[in-house]
Chemist: 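Have a look at this one.
We use all heavy atoms of the structure for the numbers below, so side chains are in, but hydrogens, waters and symmetry mates are not.
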Amino acid sequence: MDSKTLKRIDDLIEKSFQFWYDLRAKYGLGEHPISVTFYPFTYIAELSEDMANSLCKGNSRCRTILSAHYDEDDNIIKSIDCGVYWSYEDLYRLLIECELDYYRAFESVKFTLRHEMGHILDYKNRFIGKNIEEWINHSSGCEQAETLIPKLRKNASYMKRMRWYLMFNSLPCERQANELVGITEQDIIDDFKRTHRK
């Protein structure tokens, strides 16, 4: 990549960090160490097997990793650690989907980070003070629900891809995350249109 492209990507990442700080402040998490990490795909080889598997699964552009801390005497969750992880490869893919339009790409980054914040808020609201079994059952249910969505063919039409995107975002766990940060169906459609050509 030439230096101009690298500079624009660095600017996009810096703007993403600032947007994330603003989001954390908006939802009262400004003092919480919830980071966004952009990483090269080779970084996965340095991680634990559980963490590597978590980063490699799912359909998202980026992934939020959450871990519960609970008292083993009563299994009650005391706190939740969170981190958002976005590979450079997925960021480059987003840029390509947006036809190297950095404004469009940043709009999709903001949409995605809002959604990930929704997951964090959901888990913090739902599970602190609850038994770890509730967390395990909920997480398992979310993963099970994802498996029920039909797979898309590689050559699926524009409209079928949009319907799939709306279907994915209507899953209970995804819908709850969206609702907590005010993401509407129209926001989802707008994001799809930014990143897909007819």
Chemist: With Thr184, which residues qualify under side chain to side chain donor-acceptor pair (under 3.5 Å), at least two apart?
Modeler: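 Thr184: side chain to side chain donor-acceptor pair (under 3.5 Å) contacts with Asp187.
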
Chemist: How long is the straight-line distance from CG of Leu23 back to CD of Glu116, given to the nearest 0.5 Å?
Modeler: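 Rounded to the nearest 0.5 Å, the CD-CG separation comes out at 11.0 Å.
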
Chemist: Side-chain contact, heavy-atom cut-off 4.5 Å: Tyr27 with Lys124?
Modeler: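 No. Closest side-chain heavy atoms not under 4.5 Å.
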
Chemist: Can you list, pair by pair, the side-chain donor-acceptor contacts under 3.5 Å of residues 13-20, counting residues two or more places apart and other chains?
Modeler:
{"from": "Ser16", "atom 1": "OG", "to": "Leu12", "atom 2": "O", "distance (Å)": "2.8"}
{"from": "Gln18", "atom 1": "NE2", "to": "Asp22", "atom 2": "OD1", "distance (Å)": "3.1"}
{"from": "Trp20", "atom 1": "NE1", "to": "Ile34", "atom 2": "O", "distance (Å)": "2.8"}

Chemist: Within a strict 4.5 Å, meaning less than it, do heavy atoms of the Met117 and Leu180 side chains meet?
Modeler: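 They are not in side-chain contact.
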
Chemist: Apply side chain to side chain donor-acceptor pair (under 3.5 Å) to residues Asn137 and Glu133 and explain how you reach the verdict.
Modeler: CA-CA 6 Å; Asn137 292 336; Glu133 287 301 319; 4.8 Å; no

Chemist: Report the distance from atom CG of Asn75 to atom NZ of Lys130, rounding to the nearest 0.5 Å.
Modeler: 15.0 Å

Chemist: Minimum heavy-atom separation for Asn131 and Ile77, please, with both atom names.
Modeler: O-CD1, 4.3 Å

Chemist: Return the CD1 to CD1 distance between Ile120 and Ile80, rounded to the nearest 0.5 Å.
Modeler: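 Between atom CD1 of Ile120 and atom CD1 of Ile80 there are 10.0 Å.
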
Chemist: Listed by chain and number, what are the salt bridge (Lys or Arg N to Asp or Glu O under 4.0 Å) partners of Glu107, not counting sequence neighbours?
Modeler: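 Scan of Glu107 (salt bridge (Lys or Arg N to Asp or Glu O under 4.0 Å), adjacent residues dropped) gives Lys110.
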
Chemist: Between Tyr70 and Trp135, is the gap from one ring center to the other below 6.0 Å?
Modeler: no

Chemist: Between Arg175 and Ser170, does a side chain to side chain donor-acceptor pair (under 3.5 Å) hold up when you go through it step by step?
Modeler: CA-CA 5 Å; Arg175 186 178 65 245; Ser170 70; 5.6 Å; no

Chemist: Using the side-chain contact (heavy atoms from CB on, under 4.5 Å) criterion, which residues pair with Lys78? Sequence neighbours excluded.
Modeler: Asp71, Asp74, Ile76

Chemist: Do Arg63 side-chain atoms and Trp86 backbone N/O form a donor-acceptor pair below 3.5 Å?
Modeler: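 No: the side chain of Arg63 does not pair with the backbone of Trp86.
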
Chemist: Check whether any side-chain heavy atom of Tyr92 sits under 4.5 Å from a side-chain heavy atom of Ile9, and report yes or no.
Modeler: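 Yes, side chains in contact.
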
Chemist: Can you list the steps and then say if Gln176 with His119 is a side chain to side chain donor-acceptor pair (under 3.5 Å)?
Modeler: CA-CA 8 Å; Gln176 179 67 12; His119 282 303; over 6 Å; no

Chemist: Of all residues at least two apart in sequence or in a different chain, which pass the disulfide bond (SG atoms under 2.5 Å apart) check with Cys173?
Modeler: Cys142

Chemist: Could you check whether any side-chain N or O of Arg24 sits under 3.5 Å from a backbone N or O of His32, counting only pairs where one atom can act as donor and the other as acceptor?
Modeler: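 Yes; at least one donor-acceptor contact below 3.5 Å.
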
Chemist: Can you name the closest pair of heavy atoms from Cys98 and Thr195 and give their distance?
Modeler: SG-CG2, 3.9 Å

Chemist: Taking the side chain as every heavy atom from C-beta outward, state whether Asn178 and His115 have any pair of such atoms under 4.5 Å apart.
Modeler: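 In contact.
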
Chemist: Please verify the inter-ring angle class for Tyr123 with Phe127; under 30° counts as parallel, over 60° as perpendicular, anything in between as tilted.
Modeler: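 The arrangement is tilted - the two ring planes meet at 30° to 60°.
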
Chemist: Is the shortest heavy-atom distance from the side chain of Phe168 to the side chain of Glu146 under 4.5 Å?
Modeler: yes

Chemist: Looking at side-chain heavy atoms only, is the closest gap between Thr112 and Cys62 below 4.5 Å?
Modeler: yes

Chemist: Is there a side-chain contact between Arg61 and Ser108 in this structure, where contact means two heavy atoms from C-beta onward sitting under 4.5 Å apart?
Modeler: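 Contact flag for Arg61/Ser108 side chains = yes.
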
Chemist: Hydrophobic cluster membership, with links at side-chain heavy-atom distances under 4.5 Å among I/L/V/M/F/W/Y: are Leu148 and Met167 in one?
Modeler: no

Chemist: Of the non-hydrogen atoms in Leu95 and Ala105, which two are nearest, and what is the gap between them?
Modeler: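 It is CD2-CB, 3.7 Å.
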
Chemist: More than 12 heavy atoms of other residues, nucleotides or ligands under 6.0 Å from CD of Glu72: yes or no?
Modeler: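 Open: at most 12 neighbouring heavy atoms sit under 6.0 Å from CD of Glu72.
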
Chemist: Any side-chain heavy-atom pair from Leu29 and Leu121 closer than 4.5 angstrom?
Modeler: yes

Chemist: Nearest 0.5 Å, please: how far is CG in Asp81 from CG in Leu66?
Modeler: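 Rounded to the nearest 0.5 Å, the CG-CG separation comes out at 9.0 Å.
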
Chemist: Closer than 4.0 angstrom, basic N to acidic O: yes or no for Arg194 and Asp191?
Modeler: yes

Chemist: Please answer: with hydrophobic residues joined when any side-chain heavy atoms are less than 4.5 Å apart, are Phe106 and Ile96 in the same cluster?
Modeler: no

Chemist: Please round to the nearest 0.5 Å and tell me the distance separating atom CD1 of Ile188 and atom NZ of Lys193.
Modeler: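 If I round to the nearest 0.5 Å, the distance is 13.0 Å.
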
Chemist: Just checking Glu134: does its CD atom have more than 12 heavy atoms from other residues, nucleotides or ligands closer to it than 6.0 angstrom?
Modeler: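 More than 12 heavy atoms, drawn from other residues, nucleotides or ligands, come within 6.0 Å of this atom.
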
Chemist: Quick one: which residue pairs count as a ring pair (Phe, Tyr, Trp, His ring centres under 6.0 Å) with a foot in residues 172-193, not counting sequence neighbours?
Modeler: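 Listed once each, the pairs are Tyr158-Phe192, Tyr165-Phe192, Phe192-His196.
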
Chemist: To the nearest 0.5 Å, what is the distance between NZ (Lys4) and CG (Leu6)?
Modeler: 12.5 Å

Chemist: Does the pair Asp90/Arg93 count as a salt bridge with the N-to-O cut at 4.0 Å?
Modeler: yes

